[in-house]
Amino acid sequence: MADADYRLALRVMTMPRDTNHSGTVFGGVIMSMIDQAAYVQARSHGLHRWVTVAMEKIEFHAPVFTGELVTLRTRTVRSGRTSVTVHVVVDAERVATGDVARVTEATVTMVSVDASRRPIPFDSPVTLTDLTGSERG
Ligand SMILES: CC(C)(COP(=O)(O)OP(=O)(O)OC[C@H]1O[C@@H](n2cnc3c(N)ncnc32)[C@H](O)[C@@H]1OP(=O)(O)O)[C@@H](O)C(=O)NCCC(=O)NCCS
């Protein structure tokens, strides 16, 4: 798939708090970014609560270092009834050179759910209008 088929989901600057003792960013930090990017893509299919049901085939191709600008792009690769599967690619802009490296990719399946956390068709009418109090955010 060409990069042009992917849409921008997130751009994040890595910070020292994201790194391990050898100065590279924790895999779990990248996975959190991937989870958020997949949510952003899923949301474009329907304004509902979306939960992650599966994250598969995550590949860490190259390390990410502190101070790098990390860009996450997404593409929906499967649409079901209540779920969509999103491919996420992650690039890092190297601080010293400005070169961009493909550092990680993953495939994530997200499920649209109602306020009771039951799966609902993602093409059903918007359900985020009933967010209140502790449900918000
Ligand atoms: C997501 C969840 C609501 C699905 O419940 P469920 O009883 O499995 O629901 P269903 O069997 O009806 O499946 C719903 C959809 O998820 C898909 N799905 C279920 N398990 C899956 C898996 N392991 N991998 C990929 N897709 C899966 C089904 O194929 C179905 O998709 P479709 O409607 O597009 O065909 C439930 O598993 C859950 O609440 N999980 C925890 C979610 C969570 O807290 N995530 C982390 C924080 S966001």
Side-chain angles (χ1 to χ4, degrees):
M1 271 174 264
D3 276 8
D5 295 332
Y6 288 72
R7 72 163 69 159
L8 177 66
L10 285 182
R11 301 195 91 187
V12 181
M13 180 75 77
T14 56
M15 302 294 281
R17 63 169 180 260
D18 300 324
T19 60
N20 59 31
H21 55 277
S22 60
T24 61
V25 173
F26 285 114
V29 171
I30 306 289
M31 288 170 73
S32 173
M33 294 176 192
I34 288 170
D35 205 14
Q36 292 171 63
Y39 168 78
V40 170
Q41 178 73 11
R43 209 181 126 84
S44 71
H45 293 279
L47 295 179
H48 309 293
R49 299 161 184 81
W50 286 87
V51 294
T52 311
V53 72
M55 189 180 284
E56 56 185 300
K57 202 167 191 292
I58 183 161
E59 294 178 85
F60 294 98
H61 299 300
V64 180
F65 302 93
T66 187
E68 294 188 339
L69 183 60
V70 176
T71 301
L72 294 96
R73 293 188 174 83
T74 52
R75 183 176 193 272
T76 300
V77 294
R78 187 198 63 86
S79 298
R81 192 178 77 91
T82 67
S83 71
V84 295
T85 301
V86 178
H87 188 231
V88 183
V89 294
V90 187
D91 295 328
E93 186 178 317
R94 302 307 189 194
V95 172
T97 63
D99 292 345
V100 174
R102 173 66 40 88
V103 291
T104 312
E105 61 188 297
T107 303
V108 184
T109 299
M110 311 290 293
V111 178
S112 56
V113 296
D114 64 16
S116 303
R117 307 195 185 285
R118 284 187 298 260
I120 52 170
F122 59 78
D123 59 0
S124 54
V126 170
T127 56
L128 281 183
T129 51
D130 55 352
L131 280 183
T132 55
S134 60
E135 284 262 10
R136 188 175 293 132

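Whatever order the structure lists ligands and atoms in, that order sets their numbers, starting from 1.
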Are there any N/O pairs under 3.5 Å between ligand 1 and the protein, and if so, what are their distances?
unit_1   : atom_1 : unit_2 : atom_2 : d
ligand 1 : 31 (O) : S83    : OG     : 3.0
ligand 1 : 33 (O) : T82    : N      : 2.9
ligand 1 : 33 (O) : T82    : OG1    : 2.7
ligand 1 : 34 (O) : R81    : N      : 2.7
ligand 1 : 34 (O) : T82    : N      : 3.1
ligand 1 : 34 (O) : S83    : N      : 3.0
ligand 1 : 34 (O) : S83    : OG     : 2.6
ligand 1 : 45 (N) : T52    : O      : 2.9

Going through the checks in order, is the side-chain hydrogen bond (donor to acceptor under 3.5 Å, both in side chains) test met by H45 and T76? CA-CA 9 Å; H45 293 279; T76 300; 2.7 Å; yes

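- Note on ring orientation: taking the six-membered ring where Trp is involved, the planes of W50 and F122 are tilted (angle from 30° to 60°).
- A salt bridge does not link R75 to D3: none of the charged nitrogens lies less than 4.0 Å from a carboxylate oxygen.
- Among residues two or more places apart in sequence or in another chain, the side chain to side chain contact (heavy atoms under 4.5 Å, CB included) test is passed with R73 by Y6, T71, V89, D91.
- Defined by atom type and a distance below 3.5 Å, a donor-acceptor pair is present between the side-chain atoms of T109 and T85.
- With no hydrogens or angles considered, no side-chain donor-acceptor pair links T66 and R17 at under 3.5 Å.
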